[in-house]
Amino acid sequence: MTATLLSTCQDLRTAFERTRYDADSLLEALGEAAHAALGRSEPVPVRRASLGCGDLGVLIRLFLLVDDIPDEDAARALAPLTLVAAVEAGILGRVSPTSVRALLDIRPLDAGNGTRWIFSDLDGSMRPAPTAHDHVLGVGQASLSLLRGTPTTYASEILDVGTGCGVQAVHAAAVADTVTGTDISERSMVLAAATAALNGLTIELLEGSWFEPVAGRRFDRIVANPPFVVGLGTIEHSYRDSGLDLDGASRLMIEQAPNHLKPGGTAAILASWVHVEGEDWRTRVASWLPDHGIDAWILQRDVADPALYVGTWMRDGGLDPRDQTSAAVAQAWLQHFDDAHVDGIGFGFVYLRATDLPTDVLAEDLRHAFDDPLGNEAIAYFDRVTWLRENDPADAVFRLDPSTALEHVSLPGTEGWETEVVRVHRGNGPNWQHEIDELGAMLLAGMREDGLPLRDLVGLLASAQGLDENQLLDAAIELTVGLLRHGVIVPSSGAGS
Ligand SMILES: C[S@@+](CC[C@H](N)C(=O)[O-])C[C@H]1O[C@@H](n2cnc3c(N)ncnc32)[C@H](O)[C@@H]1O
């Protein structure tokens, strides 16, 4: 299949460019309401809107709705690719002597720097389709969240572990000299190669498990959306099950990625971890890291209870929780969680940076909503960790990030309004919030580009408030380090930032 599929990609791309089968045109042609219906798997509004859209409408019905399309229309929309070639390549199947249907999903995606077209298996969202064991997943929420969570700074050699349809790899190619994708699935190798060819890119694709295909090699950046579903260690679907017990897939990725990073190289990995009774999740994930040579920033985006988790993934795999066979799966899965004392499943991002210094780990919750992409924030976070290693905060001058806001929440009390809580909010990036006290607010008020070093600010504050200067300095340093790690305050430009 590979050679014939690849041989169609040039003509397919020509057809897509001619018909403007790209992310912006799709939205423009369908309009917001039908475009939103596409996201909700409601074909009728999309079909109706696509009817007036000429060849672009045909491609929408062909690839996004998986409708049966008359030969004549399909041939016109796909030209110069012929129907014979498309059928031979496995892109289309014949449903009658005069009509065809898509056998593969091909859709445009614009993650912020222009359209990329992605090949994947049909996902059953518009026309029911069985999910094969080696189903190659299309672009889902996790793929998009990793795309937004991946740094976009230049990195010479990038590795995408579990490349699947190749979505991370083709985006990585925009900032890399070379991109390598690995996957255990033979079918993924075919579809990722087609995705690369359709986008006119060269990507090294290596079949094999985890890091085996790149043994002994190191990269400037590793990205991975691995099959991190936490389960019994069995494999139903290769796109989500690793065959490793519980959070073994995430553990393996986090343990092994450091061996494949060049000095200064970074990794952005989606991962999940179990919450075990009596164990702190942060200690669990941190224990997967070496004691030396890694800066790690671990962000927990959410925690699901076992029942919610099992139900969600069963539905994802096409199992109806009401069905009797499915009930047995749910029973075994939940029992396994019980036996392992799992009371929650956390998931999120793990960012790593290779250093030659003792390991520095910050594992924390980032469970609130935010809009800005996280990827470059991770690079900025690591820069701040470096700054903290090389500077004494007590001697540094800090200023507030211009997006920072101070919030006082007061409740009615016996004497009128009584301050309940004081918070600083960073108004961009991950929108971090920190609760501080009135002294903290006074300290921050004194921070400015041409202001005093922290030690001197604390001295003034201590004498004005009649407080012990040393104690206040310790507390101020703790507050400052926390705010600096989160980018709420930054060293002034004269402070070696
Ligand atoms: C969740 S999909 C991610 C696909 C794609 N990278 C994305 O972001 O959408 C996980 C991928 O990991 C692959 N995979 C499963 N087990 C693997 C293993 N042991 N080694 C490497 N890849 C594996 C699957 O075949 C699948 O393509």
Side-chain angles (χ1 to χ4, degrees), residues 104-107 109 111 116-123 125 131-150 158-173 179-196 199 201 203-215 217 219 221-231 233-245 247-257 259-260 267-272 312-313 316-317 347-350 373-375:
L104 289 174
D105 187 308
I106 316 174
R107 65 183 61 215
L109 170 71
R116 306 281 186 280
W117 293 281
I118 313 292
F119 271 96
S120 65
D121 276 319
L122 297 174
D123 65 2
S125 62
T131 308
H133 175 79
D134 61 350
H135 178 86
V136 175
L137 197 65
V139 178
Q141 283 312 317
S143 329
L144 292 173
S145 112
L146 180 60
L147 276 182
R148 290 174 60 75
T150 298
I158 298 186
L159 170 67
D160 173 21
V161 179
T163 196
C165 60
V167 57
Q168 310 297 334
V170 293
H171 284 85
V179 179
T180 302
T182 67
D183 204 290
I184 201 165
S185 143
E186 190 183 342
R187 187 165 175 76
S188 139
M189 293 289 100
V190 174
L191 295 189
T195 296
N199 291 285
L201 297 168
I203 287 174
E204 179 189 33
L205 291 165
L206 303 172
E207 187 179 334
S209 190
W210 307 114
F211 293 96
E212 277 168 27
V214 291
R217 290 175 61 183
F219 297 84
R221 180 168 300 147
I222 297 173
V223 295
N225 171 11
F228 56 68
V229 172
V230 173
T234 50
I235 302 184
E236 288 297 318
H237 300 297
S238 58
Y239 71 84
R240 53 170 236 194
D241 305 321
S242 64
L244 298 171
D245 191 27
D247 47 16
S250 299
R251 175 181 181 153
L252 184 149
M253 283 299 307
I254 293 166
E255 280 180 346
Q256 295 194 8
N259 304 329
H260 297 276
I269 300 170
L270 289 186
S272 50
T312 304
W313 282 108
D316 171 89
F347 46 94
F349 294 93
V350 174
L374 199 55

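In listed order, ligands and their atoms are each counted from 1.
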Closest protein heavy atom (residue, atom, distance) for atom 21 (C) of ligand 1: Trp210 N, 3.3 Å
Is there at least one pair of N or O atoms, one from Gly162 and one from ligand 1, spaced under 3.5 Å apart? yes
Which label fits Trp313 and Phe228: parallel for a plane angle under 30°, tilted from 30 to 60°, or perpendicular past 60°? perpendicular
Return the closest protein heavy atom for atom 22 (N) of ligand 1 as residue, atom name and distance. Ile184 N, 3.4 Å
The residue among Asp121, Leu122, Val136 that forms side chain to side chain contact (heavy atoms under 4.5 Å, CB included) with Leu104 is Asp121
Give the residue and atom name of whichever protein heavy atom lies nearest to atom 26 (C) of ligand 1, and the separation in Å to one decimal. Asp183 OD2, 3.5 Å
Residue pair Ser242 / Trp210, side-chain heavy-atom distance below 4.5 Å: yes
Would a 4.5 Å heavy-atom cut-off, applied to side chains only, mark His171 and Thr150 as touching? no
Do Ile235 and His133 touch side chain to side chain, with heavy atoms closer than 4.5 Å? yes
Any side-chain heavy atom of Leu144 sitting closer than 4.5 Å to one from Leu109? yes
Atom 19 (N) of ligand 1: which protein heavy atom is closest, and how many Å away? Ser209 OG, 3.0 Å
Counting only nitrogen or oxygen atoms and a 3.5 angstrom limit, does Gln168 reach ligand 1? yes
Flag side-chain contact, heavy atom, 4.5 Å: Thr182 against Leu159: yes
Report yes if Thr182 has an N/O atom closer than 3.5 Å to an N/O atom of ligand 1; otherwise report no. no
What about Ser185: any of its N or O atoms under 3.5 Å from an N or O on ligand 1? no
How close does the nearest protein non-hydrogen atom get to atom 1 (C) of ligand 1, and which residue and atom is it? Tyr239 O, 3.0 Å
Report yes if Ser188 has an N/O atom closer than 3.5 Å to an N/O atom of ligand 1; otherwise report no. no
Taking both backbone and side-chain atoms of Thr163, is any N or O found less than 3.5 Å from an N or O belonging to ligand 1? yes
How about Ser209 and Ile184: do any of their side-chain heavy atoms sit closer than 4.5 Å? yes
